[in-house]
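Structure, as structure tokens:
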Amino acid sequence: MTTESLWDKYAEYTRDVTEHSRKLAFAAAAICWFFKTPQITFPPAILWSLALLVVYFICDVLHYLVGAFSLRYFLEREEKKHWNETGEELKAVLKPRWVDYPATFFFVVKTVVLLSSFGMLATEFVYRIFLHHS
């Protein structure tokens with residue numbers, strides 16, 4: 001398998017994880033809403049879950065925003081350098097791995113945060129099922 005096809009597969013995996021994660025995040029928010037009291041308050045674990053969902057959505061946006069900006073920075077720098085050296089337009093360039101590091105960071109963080117949000121939901125479920133009525 002070529003490295004290009006492997007990187008394409010990697011992009012497919014991360015795209016799928018992001019797509020499914022967003023659906024799960026909205027589902028988690030809906031589940032949290034069921035724990036709302038008539039006074040519109042939430043148990044602590046549910047509040048943490050909701051807070052983590054907000055962080056998830058912020059990191060989801062940052063994943064793509066930071067990725068786009070780091071790629072733009074790299075491309076503009078390479079185009080300028082190539083133009084100054086040759087006076088010609090840049091046709092192709094090899095992208096170093098560091099260009100994707102910021103996007104990868106936010107991809108990992110948002111995934112961990114979403115799983116943590118579900119952990120907080122699970123904590124509330126366990127409390128209600130096993131400890132609340134003991």
Side-chain angles (χ1 to χ4, degrees):
M1 217 174 198
T2 66
T3 55
E4 184 178 346
S5 62
L6 289 170
W7 281 115
D8 288 345
K9 192 54 135 172
Y10 171 79
E12 179 184 329
Y13 288 149
T14 58
R15 182 180 54 249
D16 289 349
V17 167
T18 293
E19 180 183 323
H20 296 302
S21 293
R22 285 185 193 134
K23 292 173 186 173
L24 288 170
F26 283 115
I31 292 167
C32 287
W33 205 250
F34 285 109
F35 290 97
K36 176 183 63 124
T37 66
Q39 296 80 24
I40 310 177
T41 60
F42 296 91
I46 299 303
L47 281 175
W48 275 107
S49 181
L50 287 167
L52 288 166
L53 289 172
V54 170
V55 173
Y56 164 80
F57 283 114
I58 290 169
C59 288
D60 189 36
V61 170
L62 288 173
H63 171 203
Y64 294 100
L65 184 66
V66 170
F69 283 148
S70 65
L71 183 58
R72 181 185 175 114
Y73 168 78
F74 168 72
L75 285 172
E76 287 178 344
R77 190 185 76 173
E78 292 299 310
E79 287 173 337
K80 183 178 180 180
K81 184 170 78 174
H82 185 75
W83 180 263
N84 289 339
E85 291 172 359
T86 67
E88 297 175 2
E89 206 173 289
L90 183 65
K91 302 288 187 214
V93 65
L94 292 175
K95 182 179 74 168
R97 289 186 184 199
W98 68 261
V99 174
D100 290 326
Y101 289 165
T104 301
F105 171 79
F106 283 107
F107 174 76
V108 170
V109 169
K110 76 181 186 181
T111 305
V112 168
V113 167
L114 180 61
L115 293 173
S116 299
S117 176
F118 273 96
M120 290 291 99
L121 280 175
T123 299
E124 185 64 24
F125 284 132
V126 167
Y127 171 75
R128 286 176 182 250
I129 292 169
F130 297 110
L131 304 173
H132 189 66
H133 296 291
S134 307

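Taking a 4.5 Å side-chain heavy-atom cut-off between Ile, Leu, Val, Met, Phe, Trp and Tyr, the cluster of Leu94 contains only that residue. Taking Ile, Leu, Val, Met, Phe, Trp and Tyr as members and joining any whose side-chain heavy atoms lie under 4.5 Å apart, directly or through other members, the hydrophobic cluster of Val17 also contains Phe107, Val108, Val112.
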>> Walk me through whether Phe42 and Trp48 qualify under side-chain contact (heavy atoms from CB on, under 4.5 Å).
In response: CA-CA 10 Å; Phe42 296 91; Trp48 275 107; over 6 Å; no
> Does the pair Leu114 and Leu24 meet the rule for a side-chain contact (heavy atoms from CB on, under 4.5 Å), with working shown?
Replying inline: CA-CA 8 Å; Leu114 180 61; Leu24 288 170; 4.2 Å; yes
>> The test is side-chain contact (heavy atoms from CB on, under 4.5 Å); show your working for Phe74 and Arg77 and say whether it passes.
In response: CA-CA 5 Å; Phe74 168 72; Arg77 190 185 76 173; 4.0 Å; yes
> When you look at Glu12 and Asp8, which way does the side-chain contact (heavy atoms from CB on, under 4.5 Å) test go after all the steps?
Replying inline: CA-CA 6 Å; Glu12 179 184 329; Asp8 288 345; over 6 Å; no
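Each salt bridge (Lys or Arg N to Asp or Glu O under 4.0 Å) pair with one or both residues in residues 38-51, not counting sequence neighbours, would appear here, but there are none. Screening residues 28-57 for salt bridge (Lys or Arg N to Asp or Glu O under 4.0 Å), with sequence neighbours left out, gives no hits. Residue pairs meeting the salt bridge (Lys or Arg N to Asp or Glu O under 4.0 Å) criterion with at least one partner in residues 54-67, sequence neighbours excluded, are Arg22-Asp60, Asp60-Lys110.
Closest of all the heavy-atom pairs between Leu53 and Ser117 is CG-OG, 3.3 Å. Annotation for Phe35 and Pro43: closest pair O-CD, 3.6 Å, computed over non-hydrogen atoms.
A donor-acceptor pair is defined here as one N or O able to donate and one able to accept, closer than 3.5 Å; no such pair exists between the side chain of Ser49 and the backbone of Ala45. Between the side chain of Thr86 and the main chain of Trp83, no donor-acceptor pair closer than 3.5 Å is present. No donor-acceptor pair closer than 3.5 Å links the side chain of Thr18 to the backbone N or O of Arg15.
No continuous path of hydrophobic side-chain contacts links Leu75 to Val66 [ILVMFWY only; heavy atoms under 4.5 Å]. No chain of hydrophobic side-chain contacts below 4.5 Å, direct or via other Ile, Leu, Val, Met, Phe, Trp or Tyr residues, connects Tyr64 to Val109. Cluster membership for Ile58 and Met120, using ILVMFWY side-chain heavy atoms within less than 4.5 angstrom, is shared. Cluster membership for Phe106 and Leu71, using ILVMFWY side-chain heavy atoms within less than 4.5 angstrom, is not shared. Cluster annotation: Trp33 is connected to Leu50 through the hydrophobic network of ILVMFWY side chains, with a link wherever side-chain heavy atoms come within less than 4.5 Å.
Electrostatic pairing of Glu19 and Lys23 counts as a salt bridge here, judged by a charged N lying under 4.0 Å from a carboxylate O. The residues Glu76 and Lys80 are annotated as not salt-bridged, no charged nitrogen and carboxylate oxygen being separated by less than 4.0 angstrom. Using a 4.0 Å cut-off between a side-chain N of Lys or Arg and a carboxylate O of Asp or Glu, Glu85 and Lys81 do not qualify as a salt bridge.
Rounding to the nearest 0.5 Å places CG of Leu65 at 11.5 Å from NE2 of His63. Here the CG atom belonging to Leu121 is positioned 11.5 Å from the OG atom belonging to Ser116, to the nearest 0.5 angstrom.
Residues satisfying the ring pair (Phe, Tyr, Trp, His ring centres under 6.0 Å) criterion with Phe118, sequence neighbours excluded, are absent altogether. Considering only residues two or more places apart in sequence or on other chains, Phe69 meets the ring pair (Phe, Tyr, Trp, His ring centres under 6.0 Å) condition with none of them. Under the ring pair (Phe, Tyr, Trp, His ring centres under 6.0 Å) criterion, Phe105 pairs with no residue, sequence neighbours left out. Under the side chain to side chain donor-acceptor pair (under 3.5 Å) criterion, His20 pairs with no residue at all, not counting sequence neighbours. For Tyr73, there are no ring pair (Phe, Tyr, Trp, His ring centres under 6.0 Å) partners, not counting sequence neighbours. Partners of Glu79 according to the side chain to side chain contact (heavy atoms under 4.5 Å, CB included) rule, which considers only residues two or more places apart in sequence or in another chain, are Leu90.
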Return a table of donor-acceptor pairs under 3.5 angstrom between the side chains of residues 96-103 and protein atoms on other chains or two or more places apart.
{"from": "Asp100", "atom 1": "OD1", "to": "Lys95", "atom 2": "NZ", "distance (Å)": "3.2"}
{"from": "Asp100", "atom 1": "OD2", "to": "Lys95", "atom 2": "NZ", "distance (Å)": "2.9"}

